[in-house]
Each structure stands twice: as C-alpha cells, then as structure tokens.
Novice: 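Please see the structure below; I have some questions.
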Amino acid sequence: MADEEEPLSQFNISKEETDKLVAEVIRFILFKSHQNLGCPIKREDLTQIVTKNYRQRNLATHVINEAKNKLANVFGYDLKELQRARVSSNAQSRIPQSQSSVDSKSYVLVSQLPIEMFRKYVVDEATSPMTGFTFAVLAVVQLAGGKIPEETLWHHLKRMGLHENDEHNPVFGNNKQTLETLVQQRFLQKEKVSGPEGNSLFYDLAERALDPQVSEKIKDYISQILKNDVAVVDLD
C-alpha cells in the first residue's frame, strides 16, 4: 500500500481521489470509443477530466497512465497513442508530428485478445459490415501502393456495388460519409495534390492502417481473397 501511495505524495492527493479520477477517465474512454465508432479520443479531453478540479502538475499524465494500465489488465484493451502525420509543403511526403504539443495527441482502443476470442465474445454483428468495408478499402489502397486518387478508389468500390453518390445504401446509408468515417477514425488521410490539370484528391493510408498489427491483418485479408479467388483487384 505504501508503495502505491508514495508516488501520490507529490500530488498531495489521496489514493481514493486518484482511483475516482482513473475510473472517470476509463468510463469516458469506453463511452466515447463506442459512441464515435472507434474514432480517436483527444488527450486534451482526458486531461480536462482531471484539471477541472485539480491543478497539480503532471497529475493528469499519472491518471491517464493508470487508466491505461487498468484498461489493459482488466478490460484487455491497449490504449494506443496515435502520432498524426502531416503533409509536407510539396505534398510528396508525410512527416510525423513528433514535435507537436501534448494536447494534440490522441488515443484509440485496441483489443489485446486473441483474434478468435475477440470475434467470438466481443465483435458485434451489427458492426461487421463496417469492418468488412474498412478492410476492403484499405486493401485497395494498400494494393495501389498506399496512396490512391479518389476517382480510382471509387472506381474499385463501384465494382463492389458501392456507388459514390448513393446516399441510401441499405447497409451503410451514405457511402461518401462511410468513407469519410475511415478518415475520422484515422485509417485514411485525405491529401490535395496540385497538378497540371488542377487539384486532385488522394487517399493515403493513415497511422492506424500503418500500425504493424493492422497492416499485417490487411495483408492477410488480401492473401485470403486471392487464395479463395473471390475477388482480385486489378490496379494495372
């Protein structure tokens, strides 16, 4: 007990108060992750849960770290920090914003459960179509080299029965908004590129899609499609 309370002495706060703050942060993370379909959660939103009543320096960092540990040990989730990539001035390369301020950081929940157990006990059948859509889109972008013109992407989605201007898809509703959700979830990143014929919109794989764990799943997904000869995307 003494070892647990010793770090708290620097904050002049009791363990009970800290536990309450940790619980509030965890509730916020779980609720927001579910409400916003897994979109990233801003660190500043988590920090404000602490700083609205406490002003101790570094207390918010301590609470977030404790919440991260409990999410892993109790709920089986990794609270993964995202590092947003920014487009360079020549629009040819992306530079990680490692120099950005702490408040620009964000997090997503990633299950630590084995995939079969996750599918059996966690996956909601209602979200399965969105998962399939996500992997289909990311696979197309991956096969295109990690970057694809918007027009070309919609060309391939059309071959799957998904039309750009369809706002009443029986599964997804507005197809454009569904694709935009992948941008909000940071699987994709939109980029305007200037050319001789004007500006063109490209989709790049963003940080969540470039995460080794997700990237490996995308490759497995592509391999499975080719193996089963269900659909082959020809990007030549």
Side-chain angles (χ1 to χ4, degrees), residues 25-46 64 67-68 71-72 75-87 94 96-97 100 103-113 115 118-119 122-144 146-150 153-154 156-157 160 162 164 166-167 169 171-192 201-222:
V25 168
I26 289 175
R27 280 196 297 270
F28 182 88
I29 291 170
L30 294 174
F31 173 75
K32 279 294 183 182
S33 184
H34 176 74
Q35 181 188 51
N36 297 333
L37 301 176
C39 290
I41 299 164
K42 294 180 181 178
R43 181 186 174 95
E44 61 184 302
D45 292 339
L46 303 182
I64 292 172
K68 182 175 182 177
L71 282 166
F75 296 94
Y77 283 113
D78 176 21
L79 186 63
K80 183 179 287 290
E81 180 182 319
L82 296 182
Q83 186 178 60
R84 179 177 286 279
R86 62 182 172 84
V87 181
R94 287 180 295 165
Q97 289 181 311
S100 60
D103 283 346
S104 67
K105 292 180 180 178
S106 58
Y107 302 93
V108 291
L109 285 178
V110 179
S111 176
Q112 297 177 319
L113 294 175
I115 187 64
F118 181 79
R119 286 173 178 167
V122 180
V123 170
D124 181 358
E125 289 187 6
T127 64
S128 294
M130 187 62 194
T131 301
F133 176 84
T134 300
F135 274 93
V137 171
L138 296 184
V140 171
V141 180
Q142 174 73 37
L143 287 169
K147 181 174 183 176
I148 191 170
E150 179 186 36
L153 176 57
W154 279 112
H156 292 292
L157 292 179
M160 301 178 195
L162 297 169
E164 180 179 2
D166 186 356
E167 299 181 359
N169 185 285
V171 177
F172 302 113
N174 189 314
N175 287 340
K176 270 190 176 181
Q177 185 56 51
T178 303
L179 183 61
E180 181 63 24
T181 298
L182 299 189
V183 177
Q184 295 169 357
Q185 293 174 335
R186 306 261 282 271
F187 284 109
L188 294 177
Q189 177 169 290
K190 289 193 291 188
E191 175 186 344
K192 279 188 177 180
L201 187 63
F202 282 75
Y203 284 95
D204 299 21
L205 294 177
E207 54 268 51
R208 287 184 73 179
L210 295 172
D211 180 86
Q213 186 178 3
V214 176
S215 180
E216 196 60 37
K217 289 180 180 178
I218 296 172
K219 292 176 183 176
D220 290 342
Y221 176 83
I222 294 171

Novice: Go through Gln189 and Leu182 one step at a time and tell me if the side-chain contact (heavy atoms from CB on, under 4.5 Å) criterion holds.
Specialist: CA-CA 8 Å; Gln189 177 169 290; Leu182 299 189; over 6 Å; no
Novice: Are the side chains of Asp45 and Lys32 in touch, meaning some heavy atoms are under 4.5 Å apart?
Specialist: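 No, side chains not in contact.
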Novice: With side-chain contact (heavy atoms from CB on, under 4.5 Å) as the criterion, how do Leu205 and Phe187 come out once you've worked through the C-alpha distance, each side chain's angles and the decisive distance to 0.1 Å?
Specialist: CA-CA 6 Å; Leu205 294 177; Phe187 284 109; over 6 Å; no
Novice: Give the minimum heavy-atom separation between Ala67 and Ile26, together with the two atoms involved.
Specialist: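 Reported closest heavy-atom pair: CB-CG1, 3.8 Å.
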Novice: Report the residues that fulfil ring pair (Phe, Tyr, Trp, His ring centres under 6.0 Å) with Phe133, sequence neighbours left out, ordered by chain and then residue number.
Specialist: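 By the ring pair (Phe, Tyr, Trp, His ring centres under 6.0 Å) rule, Phe133 matches Phe172.
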Novice: Can you name the closest pair of heavy atoms from Asp204 and Val141 and give their distance?
Specialist: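 That would be C-CG1, 4.5 Å.
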Novice: Sequence neighbours excluded, which residues qualify as salt bridge (Lys or Arg N to Asp or Glu O under 4.0 Å) partners of Lys80?
Specialist: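 Partners of Lys80 by the salt bridge (Lys or Arg N to Asp or Glu O under 4.0 Å) criterion, ordered by chain and then number, come out as Asp78, Asp211.
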Novice: Identify the heavy atoms of Gln185 and Arg208 that sit nearest to each other, and give their distance.
Specialist: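 The answer is O-CD, 2.7 Å.
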Novice: Going from OG on Ser215 to NZ on Lys217, what distance comes out if it is rounded to the nearest 0.5 angstrom?
Specialist: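 Here the interatomic distance stands at 11.5 Å.
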Novice: Flag the pair Glu216 / Tyr221 as yes when at least one side-chain heavy-atom distance between them is below 4.5 Å, and no otherwise.
Specialist: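 No, every pair of side-chain atoms sits at 4.5 Å or beyond.
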Novice: Would a 4.5 Å heavy-atom cut-off, applied to side chains only, mark Leu210 and Glu207 as touching?
Specialist: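 Side-chain contact under 4.5 Å: no.
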Novice: Any side-chain to backbone donor/acceptor pair from Arg186 onto Ala206? Under 3.5 Å, distance only.
Specialist: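 Here the side-chain-to-backbone pair does not exist.
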Novice: Can you tell whether the side chains of Arg43 and Glu81 come within less than 4.0 Å, N to carboxylate O?
Specialist: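 No salt bridge links Arg43 with Glu81.
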Novice: To the nearest 0.5 Å, what is the distance between CG (Asn174) and CD (Glu164)?
Specialist: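 If I round to the nearest 0.5 Å, the distance is 10.5 Å.
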Novice: Using every non-hydrogen atom in the two residues, find where Asn169 and Asp166 come nearest and quote the distance to one decimal.
Specialist: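 Closest heavy-atom pair between Asn169 and Asp166: N-OD1, 3.3 Å.
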Novice: To the nearest 0.5 angstrom, please state how far the CD atom of Gln213 sits from the OG atom of Ser111.
Specialist: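 OG of Ser111 is found 8.5 Å from CD of Gln213.
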Novice: If you measure from CD on Gln35 to CG on Leu30, what distance do you get to the nearest 0.5 Å?
Specialist: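 Gln35 CD to Leu30 CG: 12.5 Å, rounded to 0.5 Å.
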Novice: For the side chain of Asn36 and the backbone of Cys39, is there at least one donor-acceptor N/O pair under 3.5 Å apart?
Specialist: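 Such a contact is absent between Asn36 side chain and Cys39 backbone.
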Novice: Say you draw a straight line from CG of Leu109 to NZ of Lys68; how long is it, rounded to the nearest 0.5 Å?
Specialist: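 Spacing of CG (Leu109) from NZ (Lys68) equals 11.0 Å.
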Novice: If you measure from CG on Leu143 to NZ on Lys219, what distance do you get to the nearest 0.5 Å?
Specialist: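 These two atoms lie 11.5 Å from each other.
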Novice: Minimum heavy-atom separation for Leu82 and Pro40, please, with both atom names.
Specialist: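 Heavy atoms only, the tightest pair is CD1-CG, 3.7 Å.
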Novice: When you check the gap from the basic side-chain N to the acidic O, do Glu191 and Lys147 get nearer than 4.0 Å?
Specialist: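 Yes, Glu191 and Lys147 are salt-bridged.
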Novice: Decide side-chain contact (heavy atoms from CB on, under 4.5 Å) for Phe202 and Ile148; before the verdict, give the C-alpha distance in whole Å, the side-chain angles of both, and the deciding distance to 0.1 Å.
Specialist: CA-CA 5 Å; Phe202 282 75; Ile148 191 170; 5.8 Å; no
Novice: With a 4.5 Å heavy-atom cut-off, do Lys190 and Tyr203 have their side chains touching?
Specialist: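 Yes, their side chains come closer than 4.5 Å.
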Novice: A side-chain contact here means heavy atoms from C-beta on lying under 4.5 Å apart; do Val183 and Leu179 qualify?
Specialist: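 A side-chain contact is absent here, since even the closest heavy-atom pair is not under 4.5 Å.
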Novice: Any side-chain heavy atom of Leu79 within less than 4.5 Å of one from Val108?
Specialist: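 Of all side-chain heavy-atom pairs linking Val108 with Leu79, none is under 4.5 Å.
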Novice: For residues Ile222 and Phe135, determine if any side-chain heavy atom of one lies less than 4.5 Å from a side-chain heavy atom of the other.
Specialist: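 SC-SC contact between Ile222 and Phe135 ruled out.
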Novice: For Leu46 and Ile29, which heavy atoms make the closest approach, and how far apart are they?
Specialist: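 Heavy atoms only, the tightest pair is CD2-CG1, 3.7 Å.
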